[in-house]
Protein chains: 2
Amino acid sequence: MSPRRPSPDRAPNQMDVARAAGVSAQTVSRVLAGHPNVRPDTAHRVHAAIDSLGYRIHAAAASLASGRTRIIGMIVVSNDRYASAALGAGVETTAAANGYTVTTASVSDHASTSAFLEAFDRLERQGAEGVVLNVPVELDSPEMQLRTERTPSTRSQVASLQPDAPLVVDQHVIGRLAVEHLLDLGHRTVWHVGGDEYWIEGRHRREAWEQVLHERGIEPPPLIPGEWTPESGYRAGRTIAAIPDATAVFVSSDEMAFGLIRALHEAGRRVPEDVSVVSVDDIALAAYASPALTTVRQPFEEMGRAAAQRLISHIEGTDAGDEPDLHPELIIRSSTAAPLAR
Amino acid sequence: MSPRRPSPDRAPNQMDVARAAGVSAQTVSRVLAGHPNVRPDTAHRVHAAIDSLGYRIHAAAASLASGRTRIIGMIVVSNDRYASAALGAGVETTAAANGYTVTTASVSDHASTSAFLEAFDRLERQGAEGVVLNVPVELDSPEMQLRTERTPSTRSQVASLQPDAPLVVDQHVIGRLAVEHLLDLGHRTVWHVGGDEYWIEGRHRREAWEQVLHERGIEPPPLIPGEWTPESGYRAGRTIAAIPDATAVFVSSDEMAFGLIRALHEAGRRVPEDVSVVSVDDIALAAYASPALTTVRQPFEEMGRAAAQRLISHIEGTDAGDEPDLHPELIIRSSTAAPLAR
DNA sequence: TTGTAAGCGTTATCAG
DNA sequence: CTGATAACGCTTACAA
């Protein structure tokens, strides 16, 4: 007797379909793979058998035999931020369109490097053929290097891991657009409420802010720290409100801008008459803030699509084709204006 | 000669580890599974070999042999809404904590029933042992019935698919809390800006609104349609602003409330002095709207956790334990007030 | 155009 | 406590 349970009601497999269709299992496999050299009549009988038995291919068996999983992994931090979600949607869409499945590994915010390594390992174990790193941290540790060499990986937000590849979205450009807009409006200097410095994005935007000010011969005022949340923006707003000659602020996210503006209003400072505010992201609610936010838009969903496309092309060894031009865009609404004459 | 490529540099497998450790492959498997009956000394040698070879278990092979994948599928609509993202994070967290992996299948908003069936099939093909349906539509079609019988499934937002199981979050309660709050404040009637009726959530909240008004002998005013977006809220706001005696509005989401309030302000109607507004969700920005939103909070992440927990318990045949009490909560802020005396 | 045979890496069963 | 062996369901290579 078999050492296995006889399982009289197991799911049908290719052999069952083959028997029902009067062909070999191999022919069933060929039909499933859309192999050209199958007589239409045969293919038809096979499809009929598949439908009548309710057969479905067993992905694990297929991967084991073929060595391919068509799984893309995605490492995500703090899934509840708008940006991560939109990015993920883009990755999903492109993956599905190319016959790939996405498996997600979440990592908590401010997680240690080892948490990222573990997440990566989880995905590799599942057989991910590539990984989209939708993450904030620098990934230059030797251990991560090891993994990204073994499994092709792409950063979705800031830059590819391949040093020579073009940036996906240059966060320095974002900072530059914001700060130059305020300066061009006539403000004498620009204060900055930073994003969490744990995130590369936050660091790059701050660097751009410093750089632009230096270029114009302005010594940057002290950085006001934030951590992406509206609460932290509110706290920063109270700080700003206490600085009488602060007339222009570059905040590193729309969500923080909501908190910041609230604090400014409570302190009796009008936006944009007394203080101009530029933020980053252009989330759906940005246009409905009071006042509507001037912000630097990031095309999140397209960024996700581009990351997935690049990864899939790499996996399949095909040319990625033209990568879309993912430039950030300054959207001018009502939270910025020229400073009042004094 | 073998019909396969000889692959001199293939990834190490259990046999390689076994050789390196001087044991059989079976013992390696036992060590990996944490089987109790292994001599500590042997286990130690195996672990050493694993580390030195950089061995990782091959999930596809393991599933094929064991018949288990430890994969949970999740069907998601419009991943970029805050609620879906937070829910998904909860599912992820709980799955990971129990050694499960989450595979997502996205479906576009207003997708046809067949799109949902296809998504379900995709997940089954991947070997999902259960599916979290984070979706808006009713799932009583015979085809879906077929699938949910084969693969255990749970709705994360509204109710379990098992008719006798308790609701996860009762959307009628949400509508009731909102409408009764306004009525108790002294408003004579309450207008409703609905969510998209394609979503069960939207329908249930509307039903609750109608029911509460009827209970108090009030004939509900015409429903003002919305579709979750701030833009649709803005449009609804212009409608409301044109109705002089509308003093209280129940909007089906915070995002719509932002748009609604903006339209009201532009029309010169003050919130809450002229019009009180209650919404649903309590997203992070709700407290930073102008005015801060009175809203009915939904514990999204916990809802996701509960859904995953229930599913996993079902898969493993264990008792789900006490399900957390997932009640919505009315958060009173500044967008509601008693009507002005006229 | 179709069929046969081998093997993918793991786990379950049974024997020792 | 450990090992040998037989599946799991599919795809690749080759033969017919």
Side-chain angles (χ1 to χ4, degrees), chain A residues 1-46 49-50 53-70 124-127, chain B residues 1-46 49-50 53-70 124-127:
Chain A
M1 84 179 71
S2 154
R4 293 294 184 136
R5 63 197 158 130
S7 276
D9 56 342
R10 36 171 262 288
N13 62 20
Q14 278 190 356
M15 197 57 215
D16 299 323
V17 175
R19 264 192 292 270
V23 298
S24 75
Q26 180 47 38
T27 298
V28 177
S29 176
R30 268 193 279 260
V31 170
L32 256 34
H35 197 97
N37 288 351
V38 177
R39 207 185 308 158
D41 166 49
T42 312
H44 190 266
R45 284 211 317 284
V46 169
I50 287 176
L53 292 177
Y55 165 80
R56 306 167 124 72
I57 198 164
H58 190 300
S63 338
L64 184 56
S66 70
R68 299 226 32 204
T69 58
R70 298 187 83 82
E124 278 190 327
R125 209 159 42 227
Q126 286 298 317
Chain B
M1 83 179 73
S2 155
R4 294 293 183 138
R5 61 198 160 130
S7 276
D9 57 342
R10 35 171 263 288
N13 61 21
Q14 279 191 355
M15 197 57 216
D16 299 323
V17 174
R19 264 191 292 270
V23 298
S24 75
Q26 182 47 230
T27 298
V28 177
S29 176
R30 268 193 279 260
V31 170
L32 256 36
H35 196 97
N37 289 351
V38 177
R39 207 186 307 157
D41 166 49
T42 311
H44 190 266
R45 283 211 320 283
V46 169
I50 287 175
L53 292 178
Y55 164 82
R56 306 167 124 72
I57 198 163
H58 190 300
S63 333
L64 183 56
S66 70
R68 298 225 32 205
T69 58
R70 298 188 83 81
E124 279 191 326
R125 210 159 41 226
Q126 286 299 318

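Predicted, not measured: the structure shown is a model, and the values here were computed from it. The sequence lines fix the lettering, A, B, ..., with proteins before strands; numbering per chain opens at 1.
For the pair A:Met15 CE and D:dC8 P, the computed distance is 12 Å after rounding to whole Å. Residue B:Arg19 contributes atom CZ, which lies 18 Å from atom C1' of D:dT2 at whole-angstrom precision. Spacing between atom NE2 of A:His35 and atom P of D:dC10 amounts to 18 Å, rounded to whole angstrom units. What separates CZ of B:Arg39 from P of D:dG3 is a distance of 9 Å, to the nearest Å. If you take CG of A:Leu64 and P of C:dT11, they are 12 Å apart, rounded to a whole angstrom. Straight-line distance from the CD1 atom of B:Ile50 to the P atom of C:dG9: 16 Å, rounded to whole Å. When the C1' atom of C:dC14 is taken as reference, atom CZ of B:Arg30 falls 11 Å away, rounded to whole Å.
The residue B:Leu32 sits apart from the nucleic acid: no heavy atom pair falls under 4.0 Å. At the heavy-atom level, B:Ser63 lies nowhere under 4.0 Å from the strands shown.
Listed pair B:Ser29 / C:dT11 meets the phosphate criterion, a side-chain N or O lying under 4.0 Å from OP1 or OP2. Neither OP1 nor OP2 of D:dC14 sits under 4.0 Å from any side-chain N or O of A:Gln26. For B:Thr27 and D:dC1, the shortest distance from a side-chain N or O to OP1 or OP2 is not below 4.0 Å.
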- Query: When you look at A:Ser29 and A:Gln14, which way does the side-chain contact (heavy atoms from CB on, under 4.5 Å) test go after all the steps?
  - Reply: CA-CA 7 Å; A:Ser29 176; A:Gln14 278 190 356; 3.7 Å; yes

- Verdict with reasoning, A:Leu32 to A:Ile50, per side-chain contact (heavy atoms from CB on, under 4.5 Å): CA-CA 10 Å; A:Leu32 256 34; A:Ile50 287 176; 3.3 Å; yes

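When each of C:dG3, D:dT2, D:dT11 is scored by its nearest atom to the side-chain atoms of B:Val38, the top-ranked nucleotide is D:dT2. Comparing C:dG3, D:dC8, D:dC10 by their closest approach to the side chain of A:Ala62 singles out D:dC10. Minimum atom distance to the side chain of A:Ser66 is reached by D:dT12, of the listed D:dT12, C:dT2, D:dG3. Distance from the side chain of B:Ala65 is smallest for C:dG9 among the nucleotides C:dG7, C:dG9, D:dT2.
At a threshold of 4.5 Å between non-hydrogen side-chain atoms, the residues B:Leu64 and A:His58 count as touching.
Remark: A:His35 NE2 is packed, more than 12 non-hydrogen atoms of other residues, nucleotides or ligands lying under 6.0 Å away.
For the pairing with B:Val28, the side-chain contact (heavy atoms from CB on, under 4.5 Å) check across B:Thr42, B:Asp16, B:Val46 returns one residue only, B:Val46.
Checked by distance alone, B:Arg56 brings no side-chain donor or acceptor within 3.5 Å of a matching partner on the base of C:dG9.
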